[in-house]
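Residue numbers start from 1 in every chain, and the chains themselves are labelled A, B, ... in the order their sequence lines are given, proteins ahead of strands. Both backbone and side-chain heavy atoms feed into the values below; hydrogens, waters and symmetry mates do not.
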Protein chains: 4
Amino acid sequence: MGARETNRESRERALLEAAIESFAELGFSEVRLSDIAKRAGMTAGHLSYYFPSKSELLRRAIEMSERRLIEDARAALARLERPEDRLRTLIDLSLADRVRDPGWLLWFQVWAGAALHPEITESHHALDGEWRALLRQVIDEGIAAGGFRAEDPDATAAAIASMLDGLSIQLVLEAPGYGPERIRAIADAAVAALLGLRDA
Amino acid sequence: MGARETNRESRERALLEAAIESFAELGFSEVRLSDIAKRAGMTAGHLSYYFPSKSELLRRAIEMSERRLIEDARAALARLERPEDRLRTLIDLSLADRVRDPGWLLWFQVWAGAALHPEITESHHALDGEWRALLRQVIDEGIAAGGFRAEDPDATAAAIASMLDGLSIQLVLEAPGYGPERIRAIADAAVAALLGLRDA
Amino acid sequence: MGARETNRESRERALLEAAIESFAELGFSEVRLSDIAKRAGMTAGHLSYYFPSKSELLRRAIEMSERRLIEDARAALARLERPEDRLRTLIDLSLADRVRDPGWLLWFQVWAGAALHPEITESHHALDGEWRALLRQVIDEGIAAGGFRAEDPDATAAAIASMLDGLSIQLVLEAPGYGPERIRAIADAAVAALLGLRDA
Amino acid sequence: MGARETNRESRERALLEAAIESFAELGFSEVRLSDIAKRAGMTAGHLSYYFPSKSELLRRAIEMSERRLIEDARAALARLERPEDRLRTLIDLSLADRVRDPGWLLWFQVWAGAALHPEITESHHALDGEWRALLRQVIDEGIAAGGFRAEDPDATAAAIASMLDGLSIQLVLEAPGYGPERIRAIADAAVAALLGLRDA
DNA sequence: TATGAATGAGGATTCATTCAT
DNA sequence: CATGAATGAATCCTCATTCAT
């Protein structure tokens, strides 16, 4: 029973992974159930056997993707002590790291689908809030340690997070003149300015 | 002949406006031609008479929306002299000004559809480039006038533009805690910090 | 506009007729939209263009069939004066007139679908009520004229109507030994007995 | 081996009972194998293990239901002597005894499915024939005993049986104004009239 | 021009049935 | 025996697009 359960879970996860990739690439409406099933090596009928509807699949897929993201961030931070290192880690995890970064493409879909899928937007806000809380905490630590300066730390966290979002969009969409290194440099310089550092 | 042409143009514009609103709300795939036609007070058959395909309609609609945006910005700037005023105008025009700002919802659709509609992405890059060039120019003027400071003005322009993008996303998606005033304040403070101003 | 309307109406009627025949033969669930459309010389897509759903088509089809039935009866009665003739006409119209009589096959479907389609059952009761009221009226006329005898005319009407129903079932289902003539003779003799006549 | 066989039989009977109830409620096409299996406390896979196809299950279910009915009637008649009592028993067993009487709902399904399932119709005719033969026999007994009068006893039996059918339909379908008592009274009076009795 | 009828391809979903475990 | 995963055929319905009027 336990083994069977695990088997089911692993199949569901495979389908969810396939769904995330597909949704990120094409958007919810343009993805066919058969595409997702094929990518996971199953049939469309089987997919429907596990997930009662395309909507439910979308919901579960986004949920899994978001949960994973914040857990990764927590794990990465747990290994670091210095505010500067922790800040750098958050920036690293937040910034898209390449053109067509699948994680970021998925956010585009979430934003675009906000009007049609309010429940997904809700859960996205929750994730985003956790993310900003992490950043805020690191900033507070840096201020306490004396390395960072910010009059309104919450505003600073929001500004930094938003800027990283905007820069990632440029990178993911392959905006001319904004490759990974340039994006990185822009981000570092701006973060430094916003936190009153000499250098990033 | 001229009148008829004008009539056609006005009908086409009405359809394009309707299309923009519809795409912004629902996304490309979820919009029905009949929705758009109804919104413009015509029939789907008539729409097809003017626009050969849905894709072509999408392309034309986005193109019109973007062209209009940059023209509005140029017109607004033309009336102002002081770099501070010009900067403020750009920020005003760039920031979403309310939850579910239709203009911004449309960008979400453009980003989400980037993989499927590369030609639209291209034209979007062009617009975005012009926008950043405007901002860059205003920053340069401010530096020349002595009010702004920036080591790498292009990077600063990119950082500011990206931050405004990210903040607009928060506002448009109704992120809890980030209403228009708060977003505005965050933007002002961050821009001040990035341009070495005392205050915004 | 009037012509166009009429055209649409005639197409709808053609589809409804095709639907009635199909439903009578196969039952609601076993009929395919494409069967009905094909029978009416159209495509399934076109059928859906006129009728939004299979259920709605069923409802409209039954409605048309029932309305037509009672109108035919009223028209036939209008031409007759003597209670005996009027009674005979009702019996004629009521009895199935051949094996697999499509009208009667449709009643079987209505009865079988009663649990799933309560609204159709309702409208069926209404028709049946009108039918029994007609019969009751003719019986009353016969009693008044002195030819018929009945202590409880309503009960007599119900008994006669029910018997005609039951006999029609036998005929329609091709029960061995019960052909049209035999059914007719049984009905006449029983009606005579129930109304105190010497002979039918 | 014998015990196992018996176990199998009891499981099959449970499935058949579940099938009868399900078919009566929803009709053949609308019933899912999983519904039937669940009702019998088994899985759909298990049902398929016992019955090779849905059609075969239908055939067996109806067969069981009909066989049981006629056996019950024979058993009830065996305990009675007087023609009047025997006639009453047949009427009691024949009339639906409540709204949505499951036995009668099943007949509706059988009639509705006559075109698609001729073999079931055949077996239904056989049952019906036996039923009418019982009635005919009781009527003959009553005539011989002097209590009943009928010129054509077969026709009278057919008329009575058909009337009971028609009245049961009214009751089962919950026709307004025809509750169990009223139906009963109508039946009794009509039977009395058809058999030349003073009273039922 | 403008309409709306008509098409037909396409897709989500259901479900009987099979079969490995 | 029993399960439930897996299949794939079948079907309703949608909708962009065409076209006669």
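- When distances are taken from the side chain of B:Lys54 to each of E:dA12, F:dA16, F:dT3, the shortest belongs to F:dA16.
- Counting to the nearest Å, the P atom of F:dT14 and the CG atom of C:Leu47 are 12 Å from each other.
- E:dA6 atom C1' lies 12 Å from atom CG of C:Leu15, rounded to whole Å.
- Qualifying side chain to side chain contact (heavy atoms under 4.5 Å, CB included) partners for A:Ala40, counting only residues two or more places apart in sequence or in other chains: A:Leu15, A:Ala18, A:Met42.
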query = Reading DNA chain E 5' to 3', what string of ( ), [ ], | and . shows its pairs, if Watson-Crick and G-U wobble pairs count only when both distances fall under 3.5 Å?
reply = .||||||||||||||||||||

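- Listed by chain and residue number, C:Phe28 satisfy the ring pair (Phe, Tyr, Trp, His ring centres under 6.0 Å) test with C:Phe23 (two or more places apart in sequence, or in another chain).
- Residues D:Leu173 and C:His125 come closest through the heavy atom pair O-NE2, 2.7 Å.
- Taking the side chain as every heavy atom from C-beta outward, C:Phe108 and C:Val172 approach each other to under 4.5 Å.
- C:Ala44 pairs by the side chain to side chain contact (heavy atoms under 4.5 Å, CB included) definition with C:Ser34, not counting sequence neighbours.
- Residue B:His46 places at least one side-chain N or O under 4.0 Å from the OP1 or OP2 atom of E:dT3.
- Residues B:Glu56 and B:Arg59 are paired through a salt bridge, judged by an N-O separation under 4.0 Å between the basic side chain and the carboxylate.
- Going from atom CG of B:Asn7 over to atom P of E:dT1 covers 7 Å, rounded to whole Å.
- Along DNA chain F, the nucleotide nearest to B:Phe51 and the one nearest to C:Phe51 differ in position, and the one closer to the 5' end is contacted by C:Phe51.
- Side-chain atoms of C:Ser48 never come within 3.5 Å of backbone atoms of C:Gly45 as a donor-acceptor pair (strictly under, hydrogens ignored).
- Contacts between residues 16-44 of chain B and DNA chain E, counted as heavy-atom distances below 4.0 Å, involve B:Thr43.
- Within the structure, a side-chain polar atom (N or O) of A:Tyr50 is placed less than 4.0 Å from OP1 or OP2 of F:dA6.
- Between A:Arg11 and the phosphate of F:dA5, there is no side-chain N or O to OP1/OP2 separation shorter than 4.0 Å.
- In the set E:dT13, F:dT18, E:dT1, E:dT1 carries the atom at the smallest distance from any side-chain atom of B:Tyr49.
- Screening residues 104-117 of chain A for side chain to side chain donor-acceptor pair (under 3.5 Å), with sequence neighbours left out, gives A:Trp111-A:His124.
- Judged by closest nucleotide on DNA chain E, B:Gly45 is the one of A:Pro52 and B:Gly45 placed further toward the 5' end.
- Note on C:Glu9 versus C:Arg13: no salt bridge recorded, every NZ/NE/NH1/NH2 to OD/OE distance being 4.0 Å or above.
- The residue among A:Ser55 and D:Ser48 whose nearest nucleotide of DNA chain E is located toward the 5' end is A:Ser55.
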